[in-house]
Every structure is written in C-alpha cells, then in structure tokens.
Amino acid sequence: MGGTGVMTEADATETLGESEALATLHRVFGYDAFRGEQEAIIEHVVAGGDAVVLMPTGGGKSLCYQIPALVRPGTGVVVSPLIALMQDQVDALRALGVRAGFMNSTQDFDERRVVEAEFLAGELDVIYLAPERLRLETTLDLLSRGKISVFAIDEAHCVAQWGHDFRPDYLALSLLGERWPDVPRIALTATATRATHKEITQRLAMPTARHFEASFDRPNIQYRIVPKADPKKQLLSFLREEHAGDAGIVYCLSRNSVEKTAEFLSRNGVEAVPYHAGLDSGTRAAHQSRFLREEGLVVVATIAFGMGIDKPDVRFVAHLDLPKSVEGYYQETGRAGRDGLPSTAWMAYGLQDVVQQRKMIQGSEGDEAFRRRAAAHLDSMLALCETVQCRRSQLLAYFGQDPHTPACGNCDTCLAPPETADGTVVAQKLLSTVVRLQRERGQKFGAGQIIDILLGRRTAKVIQFDHDQLSVFGIGEELAESEWRGVVRQLLAQGLLAVEGEYGTLVLTEESGTVLRREREVPLRKEPPKPTVSRSSSSSSSRGDRKAKAAAADLPQELVPAFEALRSWRAEQAKEQGVPAYVIFHDATLREIATVWPTSVEGLGGISGVGEKKLATYGEGVIGVLASLDGGAPGGAPAPAAGEAPDPDWPEMDAEPEPEDWI
C-alpha cells in the first residue's frame, strides 16, 4: 500500500495473490498456514519476482513453486533431473487435483503428443521437464507457443561445477531468463555452501533474484558416527535394536559393497534390495518403485539413489563408507525424517575410509584444481567426523549458518561427549617412526606396518625389513592397536600426515615438523576400545508386528489400533491405484486422524493434509474405517469435534539411546 493510504493496482494484485495463495494452500494441500519462509517466497514469485531458495529437505520447497504455478495464469514448468521419479511426482499432484504432466525420454511419441496438446490447450497446471530436454529447439518452440506461469529449477546445486552433483545440462538453463524475461524463475536446492549459492546465481543468470535461506537445521535427525569394526554386523545390530521394520537407505561406496551388504541383510531377516548404476534400468526402476510403495523396505545403494525421493517416512540413513563431502553427507542424511518425526543418521567410520578417499583423489582423472577441491571437501568431512563439539553445530557452520547455542542435545557428541587429551607425545612417536623409515631406510609403509613397529610386534614383515632394529621399535606399547589407528586417522584429518601412492603409504607433511620440533600441541580425542557387535537374533514377533511398533511408536497405546486400521486401508488404496502409500495420506495425517477421531466427512476436512480433492476421494472411506472399530473413540468417550485434538497423557520419546563407544 502506498504512502497516501490509497491502494494502488499493484497493491491490489499483490494482496489478491497473497490471499489466493493461502486459499490454494488450504483447498488443494489441506494446510491452514505456511511454514517458515514459504509465504514470503510464494508472495514474491506470485508477484513476478525471481528467487533463489535454500531450504532443507522436508522444509516444503515444492510448495514454493507449486502454489505460484496454481495461482498465476499459465503452466508452471519444473526443471528436474529426476526422470525416474517424474511419474511419481505427477501422480502425487494428480491425487491432490492438480493437472500435472511430464515429458521425458521414457515416453513414446504418442504419450508426448498428448502432453504437448494438453500444454498448448492450457489444460496443465504443472509440467515436469528434464534439463537436457530444454536443449532441444523443439521443446523451446513448444514452450514459446504456450502460456508459462513460472519456471522452477529444482536441485539447482546441479549447476555448480565444483558442487558434489554437477550436471552439465544445467549450464544451459540461463537461456530461460533470456527467452522469457517476463516469467519469474525460482531456483531451489537443499544443499549449498556460500560458494555454491553464489555459483547458482551466476550460472543461472539471476542477478536480481531475491535470496531466501531457511535454517539447514533438521532437529528431528539424530547424527551419530561410530568407530568401524565389522560394519555389516554393526549395521545389522543398529537396525535390529533401533529400526526394526523401518524404511531406510544404506549408502556404500562401491557396487560390490552394495550387493554384498544387501545380500547380508536379506540373509539375516532384513528385507533389503540393492541399487547402483551397474544394475539394468528395469531392476533399478523395480527396486525404486518397491521402496516408494512398500513399507519397511531397506535400499542399499551408491549415491546414484535418493535425489528427489519424496518418501516421508524414511526413518534412517546409514553410511558404511565415508561420504566425499559434507554437502553429499547432508543431502543423503536429509532423506530421513521428511515428515518431521524422529529419525537417525548413522555412520560407521574408520582409518581405511580416510586412506581410500585420499587414494581416490590422487588417482582421479581431474586436473590439479579438481584434486585440490576434492581434498578440501574431504578435509571438511573429516573435521565433521573427528569433532569433539556438537555435530549439528559443525554442520550448520559449514553452510555458513549460526551454530546451535547451546549444543543441540541430539547428536552423539552431545549425548555422550568424547574424552580429549593432549596427544602431542603420542603424535611425535608416530611421526618419528615415519621419519626413521623414510630418512634412515628410504622406505614408505602403510599404517599397519607403522603400528606394528610402535607396538613392538616381530611380524614376518617387521623381521624381513629389520624394523625391530629401529630405535622407535616398541615405544608405543601404552596404546592398543585400535587406539593407534585412531591416532593415525586424526593426524590425517589434521593435516599432520598424508597418504601417498597406490598402496596408501603414510608420509609427512609440511606441518609435521612443527609437532616434531614441539612448536605446537596436538589435541586428540580418546579412542574407545574396539566396540562389540550385538549378535542377538531378531525378535520372535512377526515382521508386521515390528513394523507396526516402529510406525506407531509415538502414539498412545489406545490410539494404535485406529492408526493401524487406517494404515491397512491406505495400503489397499495405494495398491489398487498403483501409487506410493504416502500419495494417499502421510503417516502424520493418519496420526492426527486417529487422535482427533472425526465422525463425519466434514470433520475430516479439518485435519491437516486433507485438501478438497482428497476429502472427496477418500473421506467416506476414512470415516468408514473409524466407524468399523469397536467402541468408537478410545475409552468409549465421545469423539472430539473436528480440530479439537484430545489432550492425552502422551508418553515421552526415549530420545537418549544407550551410551555409544565414540570415535
């Protein structure tokens, strides 16, 4: 509104767009209010402005372009690299009553012609396109003949050449602003450092865009890193004890490791499937489809899996190998807990991870600048693994955001703070051993031989090279082997040691001399004893019972039967329609339905996540499920009115696990 107090035409348009956006949120998506920055972003784009949006996974990025596409005249064009998931994304929108379609290489000629005709006739609210399709003049010509409401560039970090997931086709997307200067553009990502953020803006040619940055904090995710002993067995123990029957993702570095881990889990009673680029496309599609549509399935995968997965009830993400960067780690762990419920990011990490990653960087085909950037990414990842401070604070600081004050209380270093000590003398002993080998013998060895020398072990290899004659032989008997491996790992992380060559030999760095000359102290976290792996067998209860317990863990016992009945009904609906269960309703919506216990379709309309289309499609079915339960609402009490949730004595979640053995 202008200073004269008279509403201008522009003010009226903005006010109309703002109110229409909120009405659309309620009518289509079933929510009464926007979250965080959503309202400001949507208001800006509806008014015709460009925007660059950094928002964590599960923060509601999709609404930031879906609502402008529905409010503004024309069709919203969503650029997404996720060809394999476009059908699921379109199915989810259609279930809400949104007229959605996609065009990609999986369609035949006739299917594409139908979508093109719908677009030109103005019969689509949203259309999804892969970035490579926008390099075709035929696609650009098609878009020129239709009315476009907004361009949304999803997974925008893919445009950053130094990012963790660069896609060359994204570099051509700057032409959108040149060819359609009057159509607002919104670039969105869940993963970007300050440098990547700047590169997104430059490469997409969005100099006047308004920037929105939500907090990257995911408070419902518990971050934990454990010392690697027998990683597959550690993983099995973690799943049995904390996530029995839950859906989750396990990341491994190699295809071979993926296959072996999936087979190991399946053999031990955990339903798991592999996913990597070496599998044929049909197998990958089938496994991805099962993960989206089934409950409680575990996918063991390389990083080829997960981007754009909209499954809200992924309860854990586990890493059996060290991610290459903090960006990659954050994006991968962010696939857990999109529904806001408690979830776990668990990783087993050891010395061999560090050595392997260093070797991969040295042997990469990139130029020296690439190797330097890769090494910097790895250094940041190692700093996160080795920190004695709050891991969440370290993550936020990496992305240029304010750390938690006080510490978060929901990561391993907060729940059981690690012990630290002055490790200068220990570091000097290890570095001196490397010096003796290199300078006195002209030899280079890996960590195993160096630790054997420090421990005074007369192994065949030690005797072969007369290493038992070195002055440093046996000077490190005060530490166990696992502790020495921890020292090596931490010195690598601090840049006081380096890995060299095909065999991963250890060599000194420029900084090593400062320690040997006693010019600096070396703080080290205390390495715990080698962790024991639980070998307990799975519970005698059925898999279905375990899944039910996991899914309803935060509900009062008297509400569990209603929740489970609703889940069974949802599963039937999803199977009939061939869509993931969450397309029908999210677990969070079913929990609220079980809690409020509406007795009419009108009452159901007050539940968060139930829009007009879903109310019309599923309303009678949901009320029928509740009506079929004996005794009605829990305790025989009258069901509360719509929107009036009862106030039961909610049991508190057991947020603090058993103490861990920390790295």
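If you're wondering where the values come from, they're calculated on a predicted model, not measured in any experiment.
Contact of the F29 side chain with the Q66 side chain is registered, since non-hydrogen atoms from C-beta on lie closer than 4.5 Å. In this structure, the side chains of E155 and C158 come closer than 4.5 Å at one or more pairs of heavy atoms. Between H377 and K324, every side-chain heavy-atom pair lies at or beyond the 4.5 Å cut-off. Between V114 and D110 the shortest side-chain heavy-atom distance does not fall below 4.5 Å. At least one side-chain heavy atom of Q577 sits under 4.5 Å from a side-chain heavy atom of I584. Considering only heavy atoms from C-beta on, K233 comes within 4.5 Å of F264 through its side chain. Counting heavy atoms from C-beta outward, R489 and V355 have side chains that stay 4.5 Å or more apart. Residues L253 and Q356 are in side-chain contact: their nearest non-hydrogen atoms beyond the backbone lie under 4.5 Å apart.
Note that SG of C408 is 11.5 Å distant from CD1 of I221, once rounded to the nearest 0.5 Å. Once rounded to the nearest 0.5 Å, the distance linking OG1 of T387 with CZ of R392 reads 13.5 Å. Summarising the geometry, atom CD1 belonging to I249 is positioned 13.0 Å from atom CD1 belonging to I303; distances are rounded to the nearest 0.5 Å. Distance check, rounded to the nearest 0.5 Å: CE of M103 to CD1 of I127 gives 5.5 Å. Note that CG of L54 is 10.5 Å distant from NE2 of H157, once rounded to the nearest 0.5 Å.
Between E564 and R567 there is a salt bridge, with a side-chain nitrogen of the basic residue lying less than 4.0 Å from a carboxylate oxygen of the acidic one. Note on D88 versus R293: salt bridge recorded, some NZ/NE/NH1/NH2 to OD/OE distance being below 4.0 Å. A salt bridge does not link R591 to D339: none of the charged side-chain nitrogens sits closer than 4.0 Å to a carboxylate oxygen. Under a 4.0 Å N-O distance rule, the pair K575/E294 does not qualify as a salt bridge. Looking at R255 and E259, no side-chain N of the basic residue comes within less than 4.0 Å of a carboxylate O on the acidic one, giving no salt bridge.
Using modelled atom types, one finds a donor on one side chain and an acceptor on the other under 3.5 Å when comparing Q222 with R224. Y128 and Q87 share no donor-acceptor pair across their side chains, judged by distance under 3.5 Å alone. No donor-acceptor contact under 3.5 angstrom links the side chains of H276 and T302, judged on distance only. Using modelled atom types, one finds no donor on one side chain facing an acceptor on the other under 3.5 Å when comparing T413 with R391.
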Apply side chain to side chain contact (heavy atoms under 4.5 Å, CB included) to Y398 and L384, showing your working. CA-CA 9 Å; Y398 179 83; L384 175 65; over 6 Å; no
Could you walk me through whether Y582 and R570 pass side chain to side chain contact (heavy atoms under 4.5 Å, CB included), step by step? CA-CA 9 Å; Y582 63 80; R570 180 184 65 179; 5.5 Å; no
Kindly determine whether V226 and M347 satisfy side chain to side chain contact (heavy atoms under 4.5 Å, CB included), including the steps that lead there. CA-CA 6 Å; V226 303; M347 179 166 66; over 6 Å; no
Could you walk me through whether T106 and N104 pass side chain to side chain donor-acceptor pair (under 3.5 Å), step by step? CA-CA 6 Å; T106 67; N104 63 39; 2.4 Å; yes
So E118 and R99, salt bridge (charged side-chain N to carboxylate O under 4.0 Å, His left out) or not? Walk me through it. CA-CA 10 Å; E118 289 175 333; R99 302 174 302 171; over 6 Å; no
Apply the test side chain to side chain contact (heavy atoms under 4.5 Å, CB included) to residues D154 and V79: give CA-CA distance (whole Å), side-chain angles for both, the deciding distance (0.1 Å), then the verdict. CA-CA 6 Å; D154 202 10; V79 182; over 6 Å; no
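A search for salt bridge (Lys or Arg N to Asp or Glu O under 4.0 Å) contacts involving R358 returns D379, not counting sequence neighbours. For A247, the side-chain contact (heavy atoms from CB on, under 4.5 Å) test picks out F291, K311, with sequence neighbours left out. Every ring pair (Phe, Tyr, Trp, His ring centres under 6.0 Å) that Y330 has, sequence neighbours left out, goes to F216, F399.
Not one N or O on the side chain of Q331 forms a donor-acceptor pair closer than 3.5 Å with the backbone of G328. Between the T333 side chain and the Y329 main chain, a donor and an acceptor come within less than 3.5 Å of each other. One N or O on the side chain of D412 and one on the backbone of I225 form a donor-acceptor pair closer than 3.5 Å. Checked by atom type and distance alone, the side chain of H287 pairs as donor or acceptor with a backbone atom of P274 at under 3.5 Å. In this structure, the side chain of S628 engages the main chain of V625 through a donor-acceptor pair within 3.5 Å.
Between F316 and D246 the shortest heavy-atom distance is CE2-O, 3.8 Å. Residues A187 and A156 approach most closely at CB-CB, 3.9 Å, considering heavy atoms. V300 approaches A272 most closely through the heavy-atom pair CG2-CB, 4.4 Å. Minimum interatomic distance between L396 and D217 (heavy atoms only, all atoms of both residues): CD2-N, 3.6 Å. Heavy-atom minimum distance, C385 versus L322: SG-CD1, 3.5 Å. Here the shortest heavy-atom pairing between A336 and R218 reads O-NH2, 2.8 Å.
Ring planes of W346 and F238: parallel class, angle under 30° (limits at 30 and 60°).
For the pairing with V77, the side chain to side chain contact (heavy atoms under 4.5 Å, CB included) check across L129, I153, L124, T139 returns one residue only, L129. Tested against Y251 for a side-chain hydrogen bond (donor to acceptor under 3.5 Å, both in side chains), the candidates E332, R335, H319 yield a single pass: R335.
Ring centroids of Y275 and F305 are separated by less than 6.0 Å, placing the two rings close together.
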